[in-house]
Amino acid sequence: QLQLVESGGGLVQPGGSLRLSCVASGFSLDYKAIGWFRQAPGKEREGVLCISASGSSTVYADSVKGRFTISRDNAKKTVYLQMNSLKPEDTAVYYCAVPFWGSSCQTTYDYWGQGTQVTVSS
């Protein structure tokens with residue numbers, strides 16, 4: 001079955017770092033863009049970063065520019081979100097997502113993980 005599983009979330013102090021992982025099973029990531037999204041309590045889900053099938057990155061949320069980095073390892077069927085200089089406003093449930101066939105970051109996403117909680121607090 002097609003599945004995306006996020007991990008790596010937790011509690012971190014402001015200014016700290018965290019690396020999230022998203023592992024795919026049941027399908028290949030070779031031709032797909034991959035996106036990271038987040039949803040804070042009482043807020044709508046927003047896009048964070050995307051990486052295309054060719055490896056180029058797109059920033060969806062300007063607030064993370066220069067602090068977050070997305071990368072992928074197709075052989076491991078894994079995408080990563082490196083989060084540095086974390087702020088309390090980064091607190092949210094983070095989700096990874098993949099389109100059915102889209103290879104660029106201008107796409108519609110069809111498959112979603114269960115999410116992992118990131119809490120930034122002192």
Side-chain angles (χ1 to χ4, degrees):
Q1 296 183 8
L2 305 181
Q3 190 174 39
L4 294 168
V5 179
E6 302 96 334
S7 63
L11 176 64
V12 64
Q13 295 184 351
S17 297
L18 209 59
R19 189 179 77 159
L20 307 184
S21 299
C22 174
V23 180
S25 62
F27 64 100
S28 174
L29 296 177
D30 290 352
Y31 306 104
K32 302 181 187 298
I34 311 169
W36 281 100
F37 296 77
R38 66 186 181 184
Q39 187 168 24
K43 305 288 186 178
E44 296 296 320
R45 179 183 293 165
E46 67 170 344
V48 180
L49 280 171
C50 171
I51 185 166
S52 72
S54 64
S56 61
S57 299
T58 295
V59 178
Y60 287 149
D62 289 340
S63 61
V64 309
K65 187 176 182 180
R67 300 189 297 121
F68 292 9
T69 303
I70 190 170
S71 60
R72 64 191 295 160
D73 186 332
N74 290 346
K76 295 182 178 180
K77 295 185 176 182
T78 303
V79 61
Y80 305 96
L81 182 65
Q82 180 65 48
M83 310 165 68
N84 299 325
S85 301
L86 283 162
K87 304 174 180 179
E89 50 263 45
D90 295 317
T91 296
V93 177
Y94 283 72
Y95 302 87
C96 62
V98 175
F100 174 72
W101 199 244
S103 60
S104 76
C105 290
Q106 188 173 1
T107 187
T108 299
Y109 294 92
D110 300 292
Y111 308 113
W112 297 79
Q114 85 291 341
T116 184
Q117 176 71 50
V118 172
T119 302
V120 184
S121 177
S122 59

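Just so you know, these numbers use all the heavy atoms, side chains as well, and skip hydrogens, waters and symmetry mates.
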Checklist entry - Same hydrophobic cluster for Trp36 and Leu86, using side-chain heavy-atom links shorter than 4.5 Å among ILVMFWY? => result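 Yes, Trp36 connects to Leu86 through the hydrophobic network.
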If you take all heavy atoms of [X] and [Y], which pair is closest and at what distance?
| X | Y | answer |
| --- | --- | --- |
| Ser104 | Ser52 | CA-CB, 4.2 Å |
| Ala40 | Ala92 | N-CB, 3.7 Å |
| Arg67 | Ser85 | NH1-O, 3.0 Å |
| Val93 | Gly115 | CG1-CA, 3.8 Å |

Checklist entry - Please walk me through it: do Thr78 and Asp73 pass side chain to side chain donor-acceptor pair (under 3.5 Å)? => result CA-CA 5 Å; Thr78 303; Asp73 186 332; over 6 Å; no
Report the distance from atom [atom1] of [X] to atom [atom2] of [Y], rounding to the nearest 0.5 Å.
| X | Y | atom1 | atom2 | value |
| --- | --- | --- | --- | --- |
| Ile34 | Ser71 | CD1 | OG | 9.5 Å |
| Ser25 | Gln1 | OG | CD | 9.0 Å |
| Ser57 | Ile70 | OG | CD1 | 6.0 Å |
| Lys77 | Cys22 | NZ | SG | 12.5 Å |
| Leu18 | Phe68 | CG | CZ | 9.0 Å |
| Leu81 | Phe37 | CG | CZ | 12.0 Å |

Next on the checklist: Treating Arg72 as the side-chain partner and Leu29 as the backbone partner, does any N or O pair qualify as donor plus acceptor under 3.5 Å?
Outcome noted: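 Answer holds: yes.
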Checklist entry - Should we say atom CD of Gln13 is surrounded by more than 12 heavy atoms from elsewhere, each under 6.0 Å from it? => result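 Counting other residues, nucleotides and ligands, CD of Gln13 stays at 12 neighbours or fewer.
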Checklist entry - In chain order, what residues pass the side chain to side chain contact (heavy atoms under 4.5 Å, CB included) check against Thr91, with sequence neighbours excluded? => result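 By the side chain to side chain contact (heavy atoms under 4.5 Å, CB included) rule, Thr91 matches Gln117, Thr119, Val120.
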Answer whether the closest heavy-atom distance between the side chains of [X] and [Y] falls below 4.5 Å.
| X | Y | value |
| --- | --- | --- |
| Ser54 | Ser103 | no |
| Val79 | Ile51 | yes |
| Ser21 | Glu6 | no |
| Met83 | Leu20 | yes |
| Leu4 | Tyr95 | no |

Checklist entry - Does the side chain to side chain contact (heavy atoms under 4.5 Å, CB included) test come out yes or no for Val59 and Leu49, once each step is laid out? => result CA-CA 5 Å; Val59 178; Leu49 280 171; 3.6 Å; yes
Checklist entry - What pairs meet the salt bridge (charged side-chain N to carboxylate O under 4.0 Å, His left out) rule with one or both residues in residues 35-50, with sequence neighbours excluded? => result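 For residues 35-50, and leaving out neighbouring residues, the salt bridge (charged side-chain N to carboxylate O under 4.0 Å, His left out) pairs sorted by first residue read Arg38-Glu46, Arg38-Asp90.
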Kindly list each side-chain donor-acceptor pair under 3.5 angstrom involving residues 105-112, sequence neighbours excluded, with atom names and distances?
from   : atom 1 : to     : atom 2 : distance (Å)
Tyr109 : OH     : Tyr60  : OH     : 2.9
Asp110 : OD2    : Phe100 : N      : 2.6

